[in-house]
Amino acid sequence: MTTLRVYDLKDHVLALDLSDLLRLLAPRSLEACWVVSTVKSSKPGHEWFEAIGEGGERLEGLAQGDGQLSGSDLAALAENTRQVIWGEFVGSAPTQSDKPWVIIRAVDSTFYEIDSDDEAVLNKICSTYKDVRTGEAPITSWLWDRADE
């Protein structure tokens with residue numbers, strides 16, 4: 001899979017959120033089956049999910065058990081979420097639930113990471129956002145030392 005990282009800022013804040021990405025990737029994102037989970041560190045036992053707002057609280061509950069939901073349900077929760085700080089969202093086509101179509105990761109409110117083999121997804125990301133960088137490896141392989149843990 002190709003890994004893209006979107007760092008676009010607006011007024012010194014990340015200029016996109018999960019709801020923006022789901023809208024950009026519609027209608028497929030709405031038809032997909034999604035798994036919501038934590039972002040795992042390469043350090044065993046360290047993982048994070050954090051989202052703000054009513055929808056964010058529900059997403060956090062789903063993430064604790066790798067909860068599954070429809071694309072339309074995920075889009076509704078994303079619309080009621082002010083910000084996803086940490087989180088992973090794995091989307092699969094309804095007929096191919098064993099093979100991810102796209103993986104979206106929110107990373108510490110610093111960037112969004114999108115993994116996909118779908119050229120249409122990659123092209124939409126690159127043509128919509130200005131500060132898009134190719135990631136060498138998905139963030140899950142990155143050791144993140146947080147001072148509070």
Side-chain angles (χ1 to χ4, degrees), residues 1-53 55-56 59-60 62-71 74-75 77-79 81-94 96-149:
M1 283 193 154
T2 298
T3 300
L4 298 177
R5 294 182 180 156
V6 181
Y7 290 86
D8 284 28
L9 297 177
K10 182 178 181 182
D11 299 324
H12 307 291
V13 176
L14 196 58
L16 66 148
D17 211 334
L18 178 62
S19 59
D20 298 316
L21 292 169
L22 294 174
R23 275 193 299 276
L24 179 66
L25 301 177
R28 260 188 100 183
S29 62
L30 300 175
E31 298 162 355
C33 299
W34 292 88
V35 175
V36 181
S37 61
T38 58
V39 176
K40 282 120 185 121
S41 166
S42 59
K43 193 179 211 178
H46 290 260
E47 54 190 73
W48 304 279
F49 189 99
E50 188 175 354
I52 300 169
L59 288 172
E60 192 159 350
L62 286 166
Q64 299 313 315
D66 292 335
Q68 298 181 16
L69 69 166
S70 70
L74 179 59
L77 289 175
E79 288 295 331
T81 300
R82 280 199 359 230
Q83 180 182 17
V84 178
I85 299 164
W86 286 98
E88 181 172 277
F89 307 87
V90 179
S92 302
Q96 294 182 308
S97 59
D98 59 329
K99 183 178 187 291
W101 158 62
V102 66
I103 301 170
I104 299 171
R105 280 184 210 89
V107 182
D108 200 26
S109 293
T110 304
F111 61 91
Y112 266 90
E113 184 172 81
I114 297 93
D115 296 339
S116 186
D117 285 329
D118 185 331
E119 287 298 320
V121 169
L122 302 173
N123 290 335
K124 280 184 178 184
I125 297 297
C126 289
S127 65
T128 302
Y129 298 105
K130 294 177 181 141
D131 190 355
V132 179
R133 307 172 197 175
T134 303
E136 289 137 26
I139 202 70
T140 54
S141 66
W142 181 36
L143 176 61
W144 184 265
D145 289 321
R146 291 181 49 162
D148 60 341
E149 295 192 35

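Counting begins at 1 with the first residue of the sequence.
Within the 4.5 Å cutoff, the side chain of Pro100 has heavy atoms near those of the Met1 side chain. Side-chain contact between Trp86 and Ser109: absent, with no pair of heavy atoms (C-beta onward) separated by less than 4.5 Å. Residues Leu62 and Leu77 form a side-chain contact, since some pair of their non-hydrogen atoms from C-beta on lies under 4.5 Å apart. Within the 4.5 Å cutoff, the side chain of Arg5 has no heavy atoms near those of the Arg105 side chain. At least one side-chain heavy atom of Leu74 sits under 4.5 Å from a side-chain heavy atom of Leu18. Between Phe111 and Leu4, every side-chain heavy-atom pair lies at or beyond the 4.5 Å cut-off. Using a 4.5 Å heavy-atom cutoff, the side chains of Phe49 and Val39 are not in contact.
Between the side chain of Thr38 and the main chain of Trp48, no donor-acceptor pair closer than 3.5 Å is present. Counting only distance, with no hydrogens or angles, the side chain of Thr81 and the backbone of Gln83 share no donor-acceptor pair below 3.5 Å. With Tyr7 contributing its side chain and Val132 its backbone, the two residues share no donor-acceptor pair below 3.5 Å. At distances below 3.5 Å, not a single donor-acceptor pair connects side-chain atoms of Ser19 with backbone N or O atoms of Asp17. Without hydrogens or angle criteria, Asp8 side chain to Lys130 main chain gives a donor-acceptor distance under 3.5 Å. Side chain of Trp101 to main chain of Arg28: no donor-acceptor pair is present (N/O by atom type, distance under 3.5 Å, no hydrogens or angles).
Distance CD1/Ile103 to OG/Ser92: 8.5 Å, rounded to 0.5 Å. Distance check: Leu21 CG to Phe89 CZ gives 10.0 Å after rounding to the nearest 0.5 Å. Rounding to the nearest 0.5 angstrom, the gap separating the CD1 atom in Ile85 from the OG1 atom in Thr110 is 10.5 Å. Taking CD from Gln68 and OG from Ser37, the interatomic distance works out to 11.0 Å, rounded to the nearest 0.5 Å.
The pair Asp131-Arg133 counts as a salt bridge, with a side-chain nitrogen and a carboxylate oxygen less than 4.0 angstrom apart. Using a 4.0 Å cut-off between charged side-chain N and carboxylate O, Glu119 and Lys124 make no salt bridge.
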**Asked** Are Val90 and Asp66 close enough, and set up right, to give a side-chain contact (heavy atoms from CB on, under 4.5 Å), and what steps lead you there?
**Response** CA-CA 10 Å; Val90 179; Asp66 292 335; over 6 Å; no

**Request:** Check the pair Leu24 / Ile125 against side-chain contact (heavy atoms from CB on, under 4.5 Å), numbers first and verdict last.
**Result:** CA-CA 8 Å; Leu24 179 66; Ile125 297 297; 3.8 Å; yes

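Of the listed residues (Thr2, Thr3, Val6), just one forms a side-chain contact (heavy atoms from CB on, under 4.5 Å) with Ile114, and that residue is Val6.
Gly56 and Ala51 make their closest contact through CA-CB, 3.5 Å (heavy atoms, listed as atom of the first residue, atom of the second, distance). The minimum heavy-atom distance between Asp118 and Ser116, with the atom names listed, is N-OG, 3.0 Å. Between Asp20 and Ala15, the shortest heavy-atom contact is OD2-O, 4.1 Å.
Within a 6.0 Å sphere centred on CZ of Arg82, other residues, nucleotides and ligands contribute 12 heavy atoms or fewer.
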